[in-house]
Structures are given as C-alpha cells and as structure tokens.
Amino acid sequence: MERTKIKALLELGTSPGQVLVKGWVRTKRDSKDFSFLEINDGSCLANIQVIAGNDLANYEDVQRLTTGSAVGITGELVESPGKGQKWEIQAGSAEVISIAPEDYPLQKKRHSDEFLRSIAHLRPRTNKYGAAFRIRSEMAYAIHKFYRDKGFRYLTSPLITGSDCEGAGEMFRVTSLSPAQVAEDGKMDFGKDFFGQESNLTVSGQLSAEMFALSLGDVYTFGPTFRAENSNTSRHVAEFWMLEPEMAFCDLAGNMDHGEELVKTLVGHAMEHCEADMNLFGKFVDKSLPALLKTLMDEEFARLPYTDAIEILEKSGKKFEFPVAYGIDLQSEHERFLAEEYFKKPVFLINYPREIKPFYMRMNDDEKTVAAMDLLVPRIGELIGGSQREERLDRLEARMDEMNLPKDDYWWYLDSRRYGTAPHSGFGLGFERFLMMITGITNIRDVIPFPRTPGSIDF
RNA sequence: UCCCCAGUAGCUCAGUUGGCAGAGCAAUUGGCUGUUAACCAAUGGGUCCGCGGUUCAAGUCCGUGCUGGGGAGCCA
C-alpha cells in the first residue's frame with residue numbers, strides 16, 4: 001500500500017477507506033484496552049489521531065511507543081467521534097519503525113527557544129519550528145515565482161570573490177594554503193594560493209547583479225551571503241540568505257515601487273498558502289502579528305527623505321539616547337521610532353547624506369545626498385537596503401577616488417559605465433529578517449535551520 | 001567589541017538574613033472503555049556551569065573563566 005501524507009489525508013472530503021501513514025509519534029494516551037497516538041509526518045502542522053486497540057497483533061510493541069518514535073500505520077480513515085479533529089485512523093496494523101529511547105529531548109510540553117537552539121537538529125520536529133521552516137520553504141518558492149511572473153532572470157552570483165573591497169562588512173577569507181605553508185613563508189603568500197590572490201566569501205551579489213541587469217534587463221540573486229562581523233544580536237548571523245533584485249532603466253521611485261510590491265506579494269502568498277502555520281504564530285508567538293500583516297498588505301508604505309526624517313525626530317519631543325542631527329547615521333532607536341511610533345507602518349527612508357553611504361549610490365542633484373533607500377519595518381528595523389546606482393562614469397570614478405578605492409580592481413565594474421551605461425537600481429532584502437517579520441519570531445537564529453554566529457558553528 | 005542579566009533534576013523554574021536540595025512537567029511502574037499538553041497513584045532522578053577564595057558552614061558572599069539571553073555598534 002502506498003503511503004499518504006497527513007496533509008493530503010486531512011484535506012479529504014470523504015474517506016478513501018484504508019490508508020497508510022508514516023510519521024513520528026508526538027504523544028500517546030493510553031486507556032485500558034487501546035491507545036491514542038498522535039502522528040506527525042512534517043507535511044503539515046496538524047497531527048493525525050490513530051486509535052490502536054489491543055486487537056493489534058503487536059499491541060505490546062505499540063504500548064511501548066514513546067514520543068519521537070517512528071511508525072507506519074495502516075487502517076481505515078474514519079470520522080472522529082471526539083472533539084478537535086475531523087478524521088482519525090482505526091489502526092488495522094502498526095509497524096514500529098523505531099523506538100525513541102527515554103532520553104529523547106523533546107517533550108510534549110512547550111520548550112524554550114534557547115533550549116531548542118541547543119538541539120537545532122531536532123527542533124524542526126516541534127510545532128513552532130516545523131511551521132517556521134515550512135513557511136521558509138514556501139517563501140523561497142514565492143520569491144522565484146514572483147520574479148518569474150515579472151520576467152526577471154535568476155542570477156547565481158559567485159560565492160567566492162576576488163576582492164576584499166566590496167565595503168559591505170568584514171569578510172571570511174577563502175584559502176587553500178595550509179597552516180604549515182603559512183608558517184614556513186612567515187606570512188600568507190596569496191601568490192601561492194589557489195586563485196593566485198586574496199579571495200573571500202561574498203558579502204553581496206550586487207556588483208555581479210549590476211552586470212547582468214545591464215545585459216538581461218531585470219535580474220535577481222537569491223543565495224547565501226557571509227559576514228565575518230563580530231555581531232552578537234538577535235538580528236545578525238554570519239551566514240544568511242539575501243535576495244537582491246537589480247533592474248535596468250529603473251530609478252529610485254521604481255525601486256521603491258518594486259520593493260513594496262515584493263513585500264506585499266510575499267506576505268499575501270504566505271497568508272494564502274501557509275494559513276495553518278501562519279495562524280500558529282499569530283496565536284502563540286505574537287498576538288499583534290495579524291494586525292501587522294494586514295498593515296503590510298493594505299497600507300501604502302511611507303516614503304520619506306532623510307532630511308525630513310531628521311526634522312521629525314528633532315520635533316518629536318522624544319528623548320533619544322543618541323542625539324539627532326543632520327549628517328548622522330540613524331540609530332536603532334530612531335528607526336524604531338519612525339516605523340513603530342510615528343508612521344506605524346513600513347517606511348522607505350531615501351536620499352541619505354553621501355558621507356554615510358557607499359560609493360556606488362547615485363549622486364543627487366543637490367550634490368549632498370545620494371539616491372539611497374532603506375525600508376524600515378516595525379519591530380525588525382532595516383529589512384531592505386538599496387539605491388539607484390551611479391551610472392555616470394565620471395561621477396563614479398570621482399566617488400571612488402574620494403573614498404580611496406583601488407579603481408584597477410574594479411575595471412570590469414567601471415566597464416559597465418563605459419559601454420552602454422544606463423540608469424539602474426536594486427536592493428538587498430534579508431530573507432531571515434523577512435521571515436522574522438511575518439512570523440513574529442524575535443531571534444534570527446530561529447528562522448534559519450542551523451545558525452552560524454560568532455563562536456558557534458555546531459550542527 | 002561594549003553594557004546589563006542569567007546558569008539549580010531530562011525540561012521550566014523556586015530556594016528567604018549563609019545553616020539537611022525542592023516543585024510542576026517528563027521518565028519508569030501500576031490503574032482507567034474515547035482521550036485532546038488526558039487523568040489517578042507510586043518510584044527513580046542532582047558535578048547547584050568550571051576554577052580559586054572568604055567562612056565553623058557557600059546553591060547563596062567575593063574573584064575569575066566559560067556558556068546562554070537582552071540591549072548597543074556593524075548591517076540584511
């Protein structure tokens with residue numbers, strides 16, 4: 001008999017008669033002559049209830065089943081007389097696939113996130129983490145679908161890069177030199193290294209994406225990104241996934257339109273296709289989540305020049321730990337005030353002072369600000385960071401000189417401004433931060449399967 | 001990297017002015033004819049994070065290290 005997934009079973013309108021399910025025992029409740037088994041196979045949040053009676057040939061084995069054990073159950077799918085579920089299975093036979101011993105760490109009660117993080121290999125077996133990672137999977141699909149529907153091309157940008165000057169943060173060095181060789185040479189002789197020069201894990205696929213946007217039109221990258229920053233916060237990990245669209249012939253306004261449409265589409269997809277899993281988060285993780293999701297879907301995102309933001313902050317009457325003044329980079333508390341208290345919805349902050357932004361952002365006509373945009377979201381902070389790119393060769397080179405960047409290393413990047421340059425824009429969206437936003441999960445380590453953080457690379 | 005907090009049974013936690021190590025859940029055993037984190041009863045379970053110190057006496061006070069959490073910076 002062929003196995004049916006529990007998700008498919010629970011969606012049935014009428015019973016097909018005999019079915020076979022395979023999964024893991026979440027809990028067992030015994031009566032004198034029979035047991036209730038709750039079986040979960042990961043296909044959905046819900047369990048299927050199994051009634052295993054003492055008429056089973058191996059009932060003694062069934063009684064020894066513990067939480068976490070793996071079983072195969074064949075039996076008739078019948079309407080449940082009990083409350084709480086539509087269907088249940090009257091077991092005709094039960095295969096004990098494996099018994100989880102008594103030291104199985106997961107119990108049928110609630111565990112703390114901290115404890116579950118220490119058993120990250122087992123936590124997807126819980127309701128909350130199972131739901132989180134089903135949603136993560138579905139959102140990855142939704143991203144590809146969104147872009148395919150819009151005619152974008154998917155670019156797999158390289159993970160190993162040749163320059164250490166992308167400027168987005170500390171990088172992880174990639175080398176094939178052995179420690180013994182380095183000791184012998186008394187230094188890291190990159191000439192002897194695999195690529196013949198220093199190489200690192202990527203901090204962004206943006207520069208690659210720009211080359212392809214100026215070739216294929218609209219492209220996006222979606223993949224892992226690495227930062228060797230010693231960041232110890234609930235919003236940073238050393239390895240995370242970033243979505244980076246890059247669009248030719250697109251200005252800053254178009255960039256914002258695109259970001260807003262993306263967020264609204266993804267949230268809508270989650271609510272439509274992950275309803276049960278999403279409801280868990282609205283109910284047990286963050287009661288204010290449904291309201292936030294509604295805001296994300298229904299409200300137009302605010303758009304605000306940096307200069308106006310400074311003015312709002314200065315006039316707010318709020319006492320900030322870090323004083324507000326034109327020219328400063330906004331602190332977390334400032335961003336939170338704007339998104340959570342002032343606008344109470346996502347807000348694009350645009351046109352930052354040139355001094356606090358990277359070389360590739362397009363200089364505005366005022367010569368003081370650049371066409372940058374950050375999307376600030378309640379509770380999350382910066383979800384998107386992007387800009388219209390500087391497409392004018394002379395302006396770009398001037399900026400690089402200003403910031404003492406080695407233009408020779410960027411010869412290929414500058415080529416794109418020599419040959420057929422055109423206005424273009426793009427941004428990066430932190431995939432994990434997006435997942436935090438739509439689930440209400442407050443620690444980024446809990447939306448990525450096996451988090452990498454300073455001093456921690458178990459699993 | 002900086003600031004703050006925490007570490008006691010498998011898990012979640014209590015432990016008073018320094019004076020015998022505790023509870024709930026889980027586990028184990030038994031009971032129960034339909035349960036819903038089932039219920040009832042019994043039983044077992046401890047490097048009080050490590051190291052050093054103060055003291056007649058330290059889970060408790062002091063120093064130090066490690067681990068975890070919250071916040072800040074960096075940013076996605």
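Chain A is the first sequence line, chain B the second, and so forth, proteins listed ahead of strands; every chain is numbered from 1.
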Asker: Base of B:G34, side chain of A:E79 - is there a donor-acceptor contact under 3.5 Å?
Answerer: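 Answer is no: no donor-acceptor pair is held.
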Asker: Within the modelled atom types, does a donor on one side and an acceptor on the other bring the side chain of A:S31 and the base of B:C32 under 3.5 Å apart?
Answerer: no
Asker: Here's a test of your reading of the structure: between A:F240 and A:G455, which maps to the more 5' nucleotide of RNA chain B?
Answerer: A:G455
Asker: Counting any heavy atom closer than 4.0 Å, what does A:E88 reach on the DNA or RNA strands: base, sugar-phosphate only, or nothing?
Answerer: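 Touches a base.
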Asker: When the P atoms of B:U54 and B:G59 are considered, how many whole Å apart are they?
Answerer: 16 Å
Asker: Take atom P in B:A21 and the same atom in B:A58, then report the distance between them in whole Å.
Answerer: 11 Å
Asker: With rounding to the closest Å, how many angstrom separate the C1' atoms on B:G65 and B:G19?
Answerer: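 Their C1' atoms lie roughly 29 Å apart.
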Asker: Of the nucleotides B:G73, B:G34, B:C32, which has the atom closest to the A:Q49 side chain?
Answerer: B:G34
Asker: Does A:H111 make a side-chain donor-acceptor contact with the base of B:C11, cut-off 3.5 Å?
Answerer: no
Asker: Look at all strands and tell whether A:S112 reaches a base, only sugar-phosphate, or nothing, counting heavy atoms closer than 4.0 Å.
Answerer: sugar-phosphate
Asker: From CD1 of A:I99 over to C1' of B:A27, roughly how many Å is that when rounded to an integer?
Answerer: 15 Å
Asker: Using a 4.0 Å heavy-atom cut-off, does A:R235 contact any base of the nucleic acid, only the sugar-phosphate backbone, or nothing at all?
Answerer: base
Asker: From CZ of A:R433 over to C1' of B:C75, roughly how many Å is that when rounded to an integer?
Answerer: 6 Å
Asker: With stacking defined as ring centroids separated by under 5.5 Å and planes differing by under 30°, is A:F431 stacked against B:A76?
Answerer: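 Per 5.5 Å and 30° rule: no stacking.
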Asker: NA contact type, A:G82, heavy-atom cut-off 4.0 Å: base, sugar-phosphate, or nothing?
Answerer: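 Contact class for A:G82: base.
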Asker: Under 4.0 Å, heavy atoms only, any strand: does A:Q107 hit a base, just the sugar-phosphate, or nothing?
Answerer: base
Asker: May I ask you to verify if any side-chain N or O of A:T27 is less than 4.0 angstrom from the OP1 or OP2 atom of B:A38?
Answerer: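 For B:A38, OP1 or OP2 has a side-chain N or O of A:T27 closer than 4.0 Å.
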Asker: Sticking with atom P, work out how far B:G73 lies from B:C11, rounded to a whole angstrom.
Answerer: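 To the nearest whole Å, 34 Å.
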Asker: Rounding to a whole Å, what distance do you find between A:E321:CD and B:C3:P?
Answerer: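 It works out to 14 Å between those atoms.
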Asker: Can you tell me how far P in B:C32 sits from the matching atom in B:U17, rounded to whole Å?
Answerer: 49 Å
Asker: Using a heavy-atom cut-off of under 4.0 Å over every strand shown, decide if A:P105 touches base, sugar-phosphate, or nothing.
Answerer: nothing
Asker: Using the C1' atom on both, measure B:U28 against B:G44 and round to a whole Å.
Answerer: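 Straight-line distance between the two C1' atoms is 7 Å.
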Asker: Pick the C1' atom in B:C13 and in B:G7, then give their distance to the nearest Å.
Answerer: 12 Å
Asker: Whole-Å distance between B:U28 P and A:Q63 CD?
Answerer: 13 Å
Asker: Is a donor-acceptor pair below 3.5 Å formed from side chain A:R29 to base B:C32, judging by atom type as modelled?
Answerer: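 Absent.
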Asker: By the 4.0 Å heavy-atom rule, please label A:Q85 as base, sugar-phosphate, or nothing.
Answerer: base
Asker: Please classify the nucleic acid contact of A:S80 as base, sugar-phosphate, or nothing, using heavy-atom distances under 4.0 Å.
Answerer: base
Asker: Restricting to side chain to side chain donor-acceptor pair (under 3.5 Å), what partner residues turn up for A:E432, sequence neighbours left out?
Answerer: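 With sequence neighbours excluded, A:E432 shows a side chain to side chain donor-acceptor pair (under 3.5 Å) to A:R136, given in chain and number order.
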Asker: Looking across every strand, which nucleic acid part, if any, lies under 4.0 Å from A:N443 by heavy atom: base, sugar-phosphate, or nothing?
Answerer: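 Sugar-phosphate: the residue A:N443, judged by heavy atoms under 4.0 Å, touches backbone atoms but no base.
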Asker: Touch check for A:E244, heavy atoms < 4.0 angstrom, all strands: base, sugar-phosphate only, or nothing?
Answerer: nothing
Asker: Which part of the nucleic acid, if any, lies within reach of A:D33 when heavy atoms closer than 4.0 Å are counted: base, sugar-phosphate only, or nothing?
Answerer: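 No contact.
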Asker: Are A:Y220 and A:H258 an aromatic pair, judged by ring center distance below 6.0 Å?
Answerer: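 Centroid separation for A:H258 and A:Y220: 6.0 Å or greater.
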Asker: Without hydrogens or angle criteria, can the side chains of A:E102 and A:T66 be said to hold a donor-acceptor pair below 3.5 Å?
Answerer: no
Asker: Quick one about A:D113 and A:N443 (side-chain donor to acceptor, distance below 3.5 Å, no hydrogens or angles considered), yes or no?
Answerer: no
Asker: Of A:H334, A:E340, A:E333, which is the lone residue that meets side-chain hydrogen bond (donor to acceptor under 3.5 Å, both in side chains) with A:R336?
Answerer: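 Of the listed options, the one satisfying the test is A:E340.
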Asker: Any side-chain N or O of A:K108 under 4.0 Å from OP1/OP2 of B:A37?
Answerer: no
Asker: B:G7 P sits how many Å from A:F115 CZ, rounded?
Answerer: 18 Å
Asker: When the distance from CD of A:E335 to P of B:G71 is rounded to whole Å, what number comes out?
Answerer: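 Atom CD in A:E335 sits about 14 Å away from atom P in B:G71.
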Asker: Between B:U33 atom P and A:D30 atom CG, what is the distance in whole Å?
Answerer: 13 Å
Asker: So does A:S234 get a side-chain nitrogen or oxygen closer than 4.0 Å to the phosphate oxygens (OP1/OP2) of B:G71?
Answerer: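 Answer yes for this pair, as a side-chain N or O of A:S234 is under 4.0 Å from OP1 or OP2.
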Asker: Considering only the C1' atoms, how many Å lie between B:A14 and B:A6, rounded to the nearest integer?
Answerer: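 Result for the C1' pair: 15 Å, nearest Å.
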Asker: Return the 5'-most residue of the pair A:E114, A:N230 with respect to RNA chain B, ranking by each residue's nearest nucleotide.
Answerer: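 This one resolves to A:N230.
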Asker: It should be established whether A:K28 places a side-chain nitrogen or oxygen under 4.0 Å from OP1 or OP2 of nucleotide B:U35.
Answerer: no
Asker: Return yes if some donor-acceptor pair links the side-chain N/O of A:H144 with the main-chain N/O of A:Y141 below 3.5 Å, else return no.
Answerer: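 Checking the backbone N and O of A:Y141 against the side chain of A:H144, no donor-acceptor pair under 3.5 Å is found.
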Asker: Should A:E390 and A:Y360 be marked as a side-chain contact (heavy atoms from CB on, under 4.5 Å) after you check the CA-CA gap, both sets of side-chain angles, and the distance that decides it?
Answerer: CA-CA 6 Å; A:E390 181 56 80; A:Y360 52 74; 5.8 Å; no
Asker: Does OP1 or OP2 of B:G70 have a side-chain N or O of A:T233 closer than 4.0 Å?
Answerer: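 Checking B:G70 against A:T233, no side-chain N or O comes under 4.0 Å of OP1 or OP2.
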Asker: Rounded to whole Å, how long is the line connecting atom CZ of A:R117 with atom P of B:A6?
Answerer: 19 Å
Asker: Under a 4.0 Å N-O cut-off, is there an ion pair linking A:R117 with A:D446?
Answerer: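 A:D446 and A:R117: salt-bridged.
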Asker: At 4.0 Å (heavy atoms only), tell me whether A:L383 reaches a base, stays on the sugar-phosphate, or touches nothing.
Answerer: sugar-phosphate
